[in-house]
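Just so it is clear, the structure is predicted and the values come from calculations on it, not from any experiment.
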Amino acid sequence: MIQLPSQFKERSREVVAPAEYDAFISSFDMEQPVSVRMNPYKKGEAPFCQERIPWCSEGYYLSSRPSFTLLPVFHGGAFYVQEASSMFLEQLFLQGIFPAIGKDIRVLDLCAAPGGKSTHIASLLGKEGLLVANEVIKPRSKILVENVQKWGTANTMVTNSDPRAFGNLCHFFDVMVVDAPCSGEGMFRKEPLAREEWSEDNVSLCAQRQRRILADAWDALAPGGFLIYSTCTFNREENEENIAWITRNYEVEPVEISLVSEWNVVRTETEGISAFRFFPHRIKGEGFFVTVMRKSSGERVERKNRAVGKGVFLSPAKNDMQELKNWFGHPGDWEFGVRNQEVYAFYNGRKADAEQIAAKVNLIYPGLDVGQLFHNKLKPAHALALCNDLSSSVVPVASLDEADALNYLRKADVGCEKFALSLNLIVYRGVSLGFLKRIGNRCNNMYPKEYRILNL
């Protein structure tokens, strides 16, 4: 076992109560809890769920860690494997944000990959709100797109831009979530190699980078909007000292969030702003720090969508519209745009948002990827199979057992006799996995090659 850095142990005395210090240090050598968050819009079974996470309506602890790769519903987005502490994000929305400004809001998740917080926010917003999930590192942004597609809420756009680019979207967002890159002290149990990479210099470097991220994107947050700032680390330099920096440089006000004593979450306060600490010796989860505050300065730019010149998204031809609407359970909720021959679906009103976003940042996944049109017929994209509003009658449904579902996910042979001619929706335990097309006695497995299971 890699030992905890001695400097980290000494610095931890600044944030942990003296009577709890030994328990805190010992907790890093204990078994890591395993937790998942269920997708409320999908009906997959989760027999492995044991104990509810008290601060998250869809969060569960598991008694042991299964091989998630071998659970077909995992690939269909029925749940997300997520650390329990970070699911506290839900309380900030339910107690602070939604009561103040409702759900018809634009949310920016600035450091979003791999997608835990993004899929959580997407669940909370439903069809009323818009989430823009950003990741600056290109390979990680592709993983983010995959997880957004799996989740199927279709209210999320993915961007791949440096935070400074969002400053050009002045006052565009009602909520900005900054789960900042940090020194990772809260991951010492989950990822022991993080102990070797830790240094006091890296802590200071991370704190400065976190401030740059906040400063670069600050103008994107509308006056009256909410900032959620979080790290998976313990030290004050990246946490309370950054709150103090925000209060010195920007006008913000506190947001009241209530705690239940049995949760064992520790509340702290800096310059009147509350924050919440999750210690692994007090709760079943990893180290986490989070705060929420409200931007109180500035005059908000008019919210209405402004013209951005020639549109990025073309309107489908009129004779294609009915074909597109046939694929949705609630066709009146959607509008469509075409970019580079690919059709995207947006909840009503969000296509104009996508135009504005595309004019300022690198928009790599603008809306639900529907597919491509050929002679008024849609060749559906994989993302459409996973959409929560996919029509139940548009194509025949083929329900597979576990063995065949895993073979489908491997792009291995699953036979043809069980499928209808032409396109089929592949389902396992009520959760859609993708499409398959039968042509005579031959089947074309349409599961994306890059997502397939490589080993069983």
Side-chain angles (χ1 to χ4, degrees), residues 1-36 51 53 59 61-69 81-88 111 113-114 116-117 137 139-140 143 178-211 213 229-244 263-268 270 275-291:
M1 176 65 70
I2 302 170
Q3 297 298 309
L4 292 171
S6 57
Q7 299 98 322
F8 164 76
K9 293 167 70 173
E10 284 305 309
R11 290 168 67 112
S12 296
R13 296 183 185 277
E14 300 175 3
V15 297
V16 180
E20 299 180 20
Y21 177 78
D22 289 342
F24 170 72
I25 296 299
S26 298
S27 70
F28 291 100
D29 294 326
M30 295 180 179
E31 186 177 358
Q32 178 198 357
V34 183
S35 52
V36 299
E51 176 189 349
I53 296 170
Y61 293 109
L62 279 57
S63 57
S64 61
R65 187 179 188 90
S67 177
F68 292 111
T69 302
V81 184
Q82 185 177 9
E83 203 285 304
S85 301
S86 64
M87 297 184 201
F88 187 76
C111 312
K117 291 181 179 63
I137 301 172
R140 284 170 57 83
I143 296 171
V178 181
D179 186 38
C182 67
S183 59
E185 297 165 353
M187 296 292 104
F188 281 175
R189 177 165 61 181
K190 180 180 178 182
E191 301 173 6
L193 287 177
R195 305 181 186 193
E196 289 187 335
E197 298 170 355
W198 185 92
S199 70
E200 291 185 308
D201 286 344
N202 190 44
V203 168
S204 296
L205 181 65
C206 287
Q208 292 301 316
R209 180 170 55 191
Q210 290 151 3
R211 295 180 184 186
I213 291 171
Y229 173 78
S230 63
T231 70
C232 57
T233 198
F234 300 107
N235 67 78
R236 293 181 59 83
E237 195 170 345
E238 297 178 73
N239 295 324
E240 283 90 351
E241 290 182 23
N242 273 349
I243 293 177
W263 293 353
N264 286 322
V265 177
V266 176
R267 183 196 300 271
T268 70
T270 302
F276 306 94
R277 285 185 170 275
F278 292 72
F279 291 111
H281 68 289
R282 293 179 63 96
I283 53 97
K284 290 179 66 174
E286 301 307 309
F288 185 60
F289 176 94
V290 65
T291 183

query: Which pair of non-hydrogen atoms, one from R209 and one from P181, has the smallest distance, and what is that distance?
result: NH2-CB, 3.9 Å
message: The criterion is ring pair (Phe, Tyr, Trp, His ring centres under 6.0 Å); which residues satisfy it with F288, sequence neighbours excluded?
response: F278
message: For Q208, give me all partners under side-chain hydrogen bond (donor to acceptor under 3.5 Å, both in side chains), at least two apart in sequence or on another chain.
response: none
- request: Not counting sequence neighbours, list each pair that qualifies as a salt bridge (charged side-chain N to carboxylate O under 4.0 Å, His left out) and has a residue in residues 197-208.
  value: R11-E200
- line: Smallest heavy-atom separation, A275 atom then I243 atom, equals CB-CD1, 3.9 Å
field: side-chain contact (heavy atoms from CB on, under 4.5 Å) partners of S6, counting only residues at least two apart
entry: none
- line: The salt bridge (charged side-chain N to carboxylate O under 4.0 Å, His left out) partners of E238 (sequence neighbours excluded) come to none
- prompt: Taking the inter-plane angle between the rings of F24 and F234 on a 0 to 90° scale, is it parallel (under 30°), tilted (30 to 60°) or perpendicular (over 60°)?
  reply: perpendicular
field: Reported CG-to-SG distance for the pair L205 and C182, which is rounded to 0.5 angstrom
entry: 12.0 Å
task: Just jot down the side-chain hydrogen bond (donor to acceptor under 3.5 Å, both in side chains) partners of Q82, sequence neighbours excluded, or say none.
output: R37, S86
message: Is there a side-chain contact between F28 and F8 in this structure, where contact means two heavy atoms from C-beta onward sitting under 4.5 Å apart?
response: yes
message: Going by the rule salt bridge (charged side-chain N to carboxylate O under 4.0 Å, His left out), which residues pair with E10 if we only count those two or more places apart in sequence or in a different chain?
response: R13
- request: Using side-chain contact (heavy atoms from CB on, under 4.5 Å) as the criterion, list what pairs up with E51, not counting sequence neighbours.
  value: Y61, K284
- request: Decide side chain to side chain contact (heavy atoms under 4.5 Å, CB included) for F68 and V34; before the verdict, give the C-alpha distance in whole Å, the side-chain angles of both, and the deciding distance to 0.1 Å.
  value: CA-CA 11 Å; F68 292 111; V34 183; 4.1 Å; yes
message: I'd like to check the salt bridge (charged side-chain N to carboxylate O under 4.0 Å, His left out) partners of R65; sequence neighbours left out, ordered by chain and number.
response: none
- prompt: At what distance, to the nearest 0.5 angstrom, does CD of E240 lie from CG of N235?
  reply: 9.0 Å
- line: For R267, the salt bridge (charged side-chain N to carboxylate O under 4.0 Å, His left out) test, sequence neighbours excluded, returns none
field: Donor-acceptor pair, side chain of S85 and main chain of E286, under 3.5 angstrom
entry: yes
message: For a quick test of reading the model, state the closest non-hydrogen atom pair linking T231 to D179 and the distance between them.
response: N-OD1, 4.2 Å
- request: Using the side chain to side chain donor-acceptor pair (under 3.5 Å) rule, collect all pairs that involve residues 18-33, keeping only residues at least two apart or in two chains.
  value: E20-H281, E20-R282
field: Side-chain donor or acceptor of R195 paired with backbone N/O of F188 under 3.5 Å
entry: yes
field: All side-chain hydrogen bond (donor to acceptor under 3.5 Å, both in side chains) counterparts of N242, not counting sequence neighbours
entry: Q210, R211, Y229
field: Non-hydrogen atoms of R277 and T233 that approach each other most closely
entry: NH1-O, 4.5 Å
field: Shortest non-hydrogen contact between V36 and I53, atoms and distance
entry: O-CD1, 4.5 Å
Side chain to side chain, S35 and M87, heavy atoms closer than 4.5 Å: yes
field: Spacing of E237 atom CD and S183 atom OG [to the nearest 0.5 Å]
entry: 9.0 Å
task: State, to 0.1 Å, how close C111 and V178 come at their nearest heavy-atom pair, and which atoms those are.
output: SG-CG1, 4.4 Å
- prompt: Would E83 and R189 pass as an ion pair if we require N to O under 4.0 Å?
  reply: no
message: To the closest 0.5 Å, what do you measure between OG (S230) and CZ (F88)?
response: 12.0 Å
